[in-house]
Amino acid sequence: MTPSLNAAQREAVRHDCGPLLVLAGAGSGKTRVITAKIAHLVERGVAPERIVAITFTNKAAREMRERAQDLLRRHDAADAASAVRLSTFHSLGLSIVRAEHRALGLRSSFSILDPGDLESIVGELAASADRGRTRAIQWKISQWKNALVSPEEALSAASDDAARIAARAYLGYAEALRAYQAVDFDDLIGLPVTLLDNDGAARERWQARCAHVLVDEYQDTNPAQYRLFRYLVGAATPFTAVGDDDQAIYGWRGATLDNLAALPRDYPQLRVIKLEQNYRSTVRILRCANALIGNNPKLFDKRLWTELSHGDPLRVTPAADDEAEAEMVVHRLLAHRFEHRSRFSDYAILYRGNHQARVFETALRAQSIPYEISGGTSLFERTEIKDIVAYLRLIANDDDDPAFLRAIAVPKRGVGQATLRQLGEIATARKVSLFAAVFEPEAAGTLGARTKSALAEFCALINGLRHRAGHEPAGRLLDDMMRGIGYADWLTSTLDRKDAITRTQSVDDFIGWLSRKGEADGRSLLELTQMIALITMLEGRESGEGDGPDAVCLSTLHAAKGLEFPHVFLVGLEEGILPHREAVEAGNVDEERRLMYVGLTRAQRSLQLSYCRSRKRAGGKVDCAPSRFIAELAQDDLRHSGEPLSADEATRAKNSGNARLAALKALVAR
DNA sequence: TAGAGATTAGTTTTT
DNA sequence: CTAATCTCTA
């Protein structure tokens, strides 16, 4: 059926009647196996809509759908591919919450809050102006949710003041969300789990919808996701979990390799198939990657091999500082491109933290080299888009106070702080939303005439649109909404020309995109509104088929997972950066090593590593030591440029190696 | 309400 | 020490 699968891949595709774990090394044709398996299942007569494939990103989901479609097209079954339930964990969760909103005590028009809203809610609850603390609490709440810990449980388990404060914030936060008829990202997993925990009928209903469940990047699942997955497959549904323990890099987000370890325990008939042949990288690159990851404890033994050529040694280059590094990389890139007549899009520059991108951007721009930053600020994070989305959310759900606050403030309409405070008091006293508070008798008494008419006009606009939202096409509604708000006029009157034009343009793009989306999928305004919250990346750009502009890719190591490039520059390989200082202190060096491993295995033909001898921080320059990971590579496959390590640095590298060993021992002892 | 000046924080990854 | 955010003033 499918052309050129190797033996292990073929076996993974054909094993379709029981639980299966595919350990897919980097570049081993993982996506190929998943898509071939979907096609295989369809051909075997499994109803496409009962095939559930789960990925972590929208991008991965899209790629899979396209590739499955290509495979099935050869069998005149392309439309079967569009019937397959292929979605991210979060959008699957959203479908469940949507379908079961009643049982969960939510109206059908619930909102999905964005991280900004969450921050202000938590900030208010924690009564601290300190952003760092607010974010720490917010992070803690998310951890609790991912681990399926309720506010009450968190509170009773809290042993110190900090934990108690966070737990109390969590409690208030949960109440606030309920009052707003809103859910956050984590709830999209947590609420379905709660439902399936308590409702046997719902469990059966959802299990009946799954004839086969496939999970991609299984090593990145957190406890909540694993529980959801287990409910979906029940006791008898065959599944295919595809993952690689060596590429688990989301531990900080609550993902745990326990889920991988638990699989053989929870499913004794589990079949395990390893994909070890790599189709991506040269021998030298793989030897280095294998040597590096060999320093990690193994869950499953696995060693990548390839039939590809030996390739060139990996080049390791020190630079004086980050600017020198960027300049060096850009020069090498230009020279390499000239010599090999390659395209800019054949190159990627990968780094640990987003902030490291800046110097490289500057250096690239200085040479007029086109580049693309993956994971930069997305379209949906821009203020003007958030403003519009606030209106959409408010139309869908007038209990959504955060949306009310944002929408009423832009454009300015004579409703200010004082009015909002009064409304807030009324809302609290009456236990209603801010929107509803406008219609309470107190509001009529305390507010001024002009304020009242402004509020009335605002509410009439929202209500009018809401009434039409059920039956009119989203496109017309959106146009009327924009006219009603007068957003474009407000932009032109308050901003300078250039800024106004950019923002109007991005608003227009957004509205246009949304209308097309609504038309194409026949979605209502409400569904569109809930969908927006899930789309965090701008990859939905329908810019023709041309595989994008020819541009160098700048990306964090995290965002680069799943991608591949002929030529890769891995930069900033210093102690404190990779491995990151915090991770070292927390004893998480293994995950940092996997991050490095992910970086190495992105490269197909050439790989260049670099680090800085010093880096400016807090004004002065700070000396940096090369990352311990460089010393862990296959030294025969490296070529050091510039001066070799000084005696001092060699000692330091050795010491850091010893420290690692000690930390490892401590970890095992614990 | 916008712009200039002051102040303060800077420690990682994101669905 | 720099850069971004906040605050105060015109």
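Note on naming: letters A, B, ... go to the chains in the order of the sequence lines (proteins, then strands), and numbering restarts at 1 for each one. These numbers come from a predicted model, not from an experiment.
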Checklist entry - Any donor-acceptor pair under 3.5 Å between the side chain of A:R352 and the base of B:dT13? => result yes

Checklist entry - If you measure from the C1' atom in B:dT13 to the same atom in C:dA3, how many Å do you get, rounded? => result 22 Å

Checklist entry - At under 4.0 Å, does any side-chain N or O of A:T57 touch on OP1 or OP2 of B:dT14? => result no

Checklist entry - Rounded to the nearest Å, what distance is computed from the CG atom of residue A:L578 to the P atom of nucleotide B:dT11? => result 17 Å

Next on the checklist: Looking at B:dT15, I'd like to know if its phosphate oxygens (OP1 or OP2) sit under 4.0 Å from a side-chain N or O belonging to A:N58.
Outcome noted: no

Item to check | Nearest-Å distance for atom pair CG/P, residues A:L118 and B:dT14 | outcome: 17 Å

Checklist entry - Between atom CD in A:Q138 and atom P in B:dT14, what is the gap in whole Å? => result 15 Å

Item to check | Length of the CZ-C1' vector between A:R581 and B:dT13, whole Å | outcome: 16 Å

Item to check | pair A:Y218-A:D244: side-chain heavy atoms closer than 4.5 Å | outcome: no

Checklist entry - Would A:W252 and A:H558 count as a close aromatic pair, with their ring centres under 6.0 Å? => result yes

Next on the checklist: Rounding to an integer number of Å, can you tell me how far A:H355 NE2 sits from B:dT11 C1'?
Outcome noted: 9 Å

Checklist entry - A:R358 near the nucleic acid: base, sugar-phosphate alone, or nothing, with a heavy-atom cut-off under 4.0 Å? => result sugar-phosphate

Checklist outcome for this item: Taken to the nearest whole Å, CG/A:L554 to C1'/B:dT13 is 17 Å

Checklist entry - Can you name the residues that form a ring pair (Phe, Tyr, Trp, His ring centres under 6.0 Å) with A:Y371, not counting sequence neighbours? => result none

Checklist outcome for this item: note: A:I54, atom CD1; B:dT15, atom P; distance rounded to Å ~ 17 Å

Item to check | Centroid under 5.5 Å and tilt under 30°, A:Y250 to B:dT14 | outcome: no

Next on the checklist: Could you tell me how far B:dT11 sits from C:dT2 if I compare only their P atoms? Round to whole Å.
Outcome noted: 15 Å

Checklist entry - Using the C1' atom in both, what is the distance from B:dT14 to C:dA4, to the nearest Å? => result 23 Å

Checklist entry - B:dT12, B:dT15, B:dT14: which one has an atom nearest the side-chain heavy atoms of A:F185? => result B:dT15

Checklist outcome for this item: salt bridge (Lys or Arg N to Asp or Glu O under 4.0 Å) filter on A:K30, not counting sequence neighbours, yields A:D216, A:E217

Next on the checklist: OP1 or OP2 of B:dT14 versus the side-chain N and O atoms of A:N354: is any pair under 4.0 Å?
Outcome noted: yes

Item to check | Aro-ring/base stack A:H90-B:dT15, d under 5.5 Å, angle under 30° | outcome: no

Checklist entry - If only side-chain N and O atoms of A:H558 are considered, is one of them under 4.0 Å from the OP1 or OP2 phosphate oxygen of B:dT13? => result no

Item to check | For atom CZ of A:R253 and atom C1' of B:dT14, their distance in whole Å | outcome: 5 Å

Next on the checklist: Under a 3.5 Å cutoff, is there a donor and acceptor pairing between the side chains of A:Y231 and A:D197?
Outcome noted: yes

